[in-house]
Asker: 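Supplied in structure tokens, the structure appears directly below.
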Amino acid sequence: MSETVNENVKETLGFQAEVKQLLQLMIHSLYSHKEIFLRELISNASDACDKLRFEALTDAALFEADSELKIKVSVDKDAKTITLRDNGIGMSRQEVIEHIGTIAKSGTREFFGKLTGDQKKDAQLIGQFGVGFYSSFIVADRVTLTTRRAGLTQEHGVRWESAGEGDYTLETVEMAERGTEIVLHMKDDEAEFLDAWRLKSVIREYSDHIAIPVEFINDKAEDEKDKVETVNRANALWTRAKNDITEDEYKAFYKHVGHDYEDPLAWTHVKVEGRQDYTALLYVPAHAPFDLWDRDAKAGVKLYVKRVFIMEDARKLMPSYLRFIRGVIDAADLPLNVSREILQETRDMEMIRGGCVRKVLDLLDDLAENRKEDYAKVWEHFGRVLKEGVGEDQGNKERIAKLLRFRTTTVDEETVTLADYVGRMKEGQDKIYYLTAETLAAAKASPHLEALRNKGVEVILLADRVDEWLVGNLFEFDGKSLASVAKGQVDLAAIKSAEGDEPEAEAPKAEEAAPLLERIKAALGERAKDVRASNRLVESPACLVADEGDLNGNLARMLKSMGQAVPESTPILEVNLSHALIKRLEAESLASDAGARFDELAGLLMDQAVLLDGGQLADPAGFVKRVNGLLFG
Ligand code: ADP
């Protein structure tokens, strides 16, 4: 890339296609929230100051004798401009090209793929994406950004300018002070923001909670003392006493740390004293961020040490299954001048992380218990992520299991807890039954449910990708083991049928059927590990079952689709001895010219079972031929 950085000339560069699209969309869809540009720019300036303070921990020269970090705002009514200036980290020419003019966010392409063209829906999405610096163009028809990276000399300033259409210009300029200055040339109809009083009130709303002072500069003031007015409180919100913070302040701070423009669903603010003193302010968002499923997603929780920003890395501060949590952790006793790498490995950091995870679980418990509607939203947006926790966080496995919500054969909404399930178990039932399938529809229609349904036994239906991982890690709940209805043997004999349940059909004895089962097995050859009589079927003639230690079909297909090597395991074919088709097979086996025709029918039986299991036939053409042979033969 470096050869594209042209140090001395003024050059015109084109925006990345996505930026153009974003600009267009933003200008149109965020028009009713236009004041957010101030929040975004002040947020960026505050982050830039945080970054400088952190880098200066190891290189104090970066302060250039100017260590009072602040943001200054001024207006010029005649020129119709608003100017924001910070003395934070600044940007080099290369950084300007990378950060302003391209969208480096991971998941960008996926995000743009989701846009619908419907302005209302897209406005929602764009809020999740975080519009950042580009929001300037909602109110400005030209933006000039001048910046110098801390540590570079004065002649390495960079000026970036754009009208927010197709391109921008870039030139190298002298800049005496490090940091970033942004001049917004306001559109004619955005004069309201040029009004000092209006501007200050918006700034206050968006910046009261950030730790860096925001000063309003009025050079024309008569009185010297009115020339500089600090607009915000400039103390970090989380350091204040809880009862001194209003709901609105908590929400405003969330929008800053969460890069979200919707209110959060809930938060927890704790000061912990003990072996490690720390303060945590952690939020549960009301919706999933656009990059929830992106491996390189930006972090959600920031670490501060004694109010100095240290790092932003959700994966280290929060486990992956809580990656949707936003907020700050401020540790009092960690060394300030340690590298991020070392910090991540200290036991102290582990303790803080563990404590914060417990606080988040407490918060979720509280929502699940006392604010059910809100918990339903948490589940809707983050349920699939929380499920990962059962395998990821052994220490909190039981607590996470209680937070899970399921759909079952009797409740068609994802609201059933494992405790609900256990409370409803039939007399004589000692297992929690579940079924995994590729889709909910496939799960509901699965033959494996037939006998259980007849007995009135509830079965948990699982159709998320993560569910196989979930049941691979959750073996029991409340002393009851979890059992797949598509695996191993099911023994329903001990479960009492309730009144009104279907009476059980008299199935022919398995021993009597042994020759038939042997015969089918011989006909199927390699395709089936075994053929046995089923006690889980009622309407269907046959189904596939995975042997106790084997992978089930759904999991095997899932792993394969993820490119993993999967040990080949052959399924067991279970047949319903009461079914007319099986009876017909039996009759066929007694006929004198049995051979080929029996084999055909047995093959078809197997094909059906494979299809019902959600699998694919190795020989679809053969299947069609066999069916047609039967239809027209
Ligand atoms: P976001 O803040 O969500 O990353 P932005 O578009 O607002 O997105 O900013 C993109 C990047 O530009 C920031 O991550 C930061 O690296 C850089 N940047 C923006 N404003 C400033 C500033 N005032 N000082 C230094 N860097 C900045």
Side-chain angles (χ1 to χ4, degrees), residues 15-16 18-23 25-27 30 36-56 62 69-73 82-108 111 125-138 140 143-152 156-162 164 168 170 175 177-184 203 206-207 210 212 214 255-261 289-291 294 296-300 302 309 311-314 326:
F15 281 130
Q16 188 194 20
E18 279 89 356
V19 177
K20 272 194 258 179
Q21 213 181 332
L22 180 66
L23 282 168
L25 196 75
M26 199 174 50
I27 292 166
L30 291 183
I36 64 162
F37 78 93
L38 277 167
R39 181 182 82 211
E40 299 294 326
L41 296 181
I42 289 174
S43 213
N44 281 348
S46 149
D47 289 348
C49 291
D50 273 352
K51 282 180 200 154
L52 176 67
R53 189 173 283 155
F54 176 74
E55 287 196 14
L62 293 177
L69 302 179
K70 58 176 76 162
I71 302 165
K72 294 180 186 170
V73 184
I82 296 178
T83 301
L84 289 103
R85 202 186 186 310
D86 67 70
N87 56 352
I89 193 77
M91 284 175 273
S92 66
R93 189 167 176 132
Q94 185 62 42
E95 283 168 333
V96 172
I97 294 175
E98 279 165 18
H99 298 316
I100 310 284
T102 47
I103 306 176
K105 288 179 182 153
S106 59
T108 305
F111 169 78
L125 279 173
I126 220 165
Q128 294 171 32
F129 184 70
V131 287
F133 170 78
Y134 302 107
S135 61
S136 327
F137 290 102
I138 306 174
V143 177
T144 313
L145 174 146
T146 314
T147 184
R148 172 163 71 77
R149 178 78 163 81
L152 295 181
H156 287 98
V158 188
R159 175 159 299 145
W160 177 102
E161 188 167 70
S162 176
Y168 61 92
L170 208 57
M175 194 173 175
E177 293 163 341
R178 63 139 207 279
T180 303
E181 178 185 88
I182 294 170
V183 181
L184 305 170
I203 294 173
Y206 286 138
S207 66
I210 63 172
I212 311 282
V214 180
K255 290 174 183 172
H256 165 67
V257 285
H259 294 279
D260 192 353
Y261 83 142
F290 75 99
D291 54 2
D294 195 322
D296 317 308
K298 222 174 149 183
K302 295 181 175 187
F309 169 73
M311 66 172 177
E312 177 166 44
D313 188 343
R326 299 287 178 260

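Read the numbers this way: they start at 1 and go in the same order the structure lists the ligands and their atoms. Source: prediction; values computed, not measured.
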Asker: Using a 4.0 Å cut-off to any heavy atom of Phe133, which atoms of ligand 1 qualify?
Answerer: 5 (P), 6 (O), 7 (O)

Asker: Any chance you could lay out the side chain to side chain contact (heavy atoms under 4.5 Å, CB included) test for Met175 and Thr146, step after step, and finish with the verdict?
Answerer: CA-CA 8 Å; Met175 194 173 175; Thr146 314; 3.9 Å; yes

Asker: May I ask you to test the Leu170-Arg93 pair for a side-chain heavy-atom distance under 4.5 Å?
Answerer: yes

Asker: Is there any N or O on Gly90 that sits under 3.5 Å from an N or O of ligand 1?
Answerer: no

Asker: Would you please determine whether Met91 falls within less than 4.0 Å of ligand 1 on a heavy-atom basis?
Answerer: yes

Asker: Just distances here: any N/O of Asp86 and N/O of ligand 1 closer than 3.5 Å?
Answerer: yes

Asker: Return the option from Gly179, Cys49, Ala48 holding the heavy atom at the smallest distance from atom 25 (C) of ligand 1.
Answerer: Ala48

Asker: Considering both backbone and side-chain atoms of Asn44, is one of its nitrogen or oxygen atoms within less than 3.5 Å of a nitrogen or oxygen in ligand 1?
Answerer: yes

Asker: For the side chain of Arg178 and the backbone of Ile89, is there at least one donor-acceptor N/O pair under 3.5 Å apart?
Answerer: no

Asker: Do Val158 and Ser92 have side-chain heavy atoms sitting under 4.5 Å apart?
Answerer: no

Asker: When the ring planes of Trp160 and Phe15 are compared, do they come out parallel, tilted or perpendicular, using 30° and 60° as the limits?
Answerer: tilted

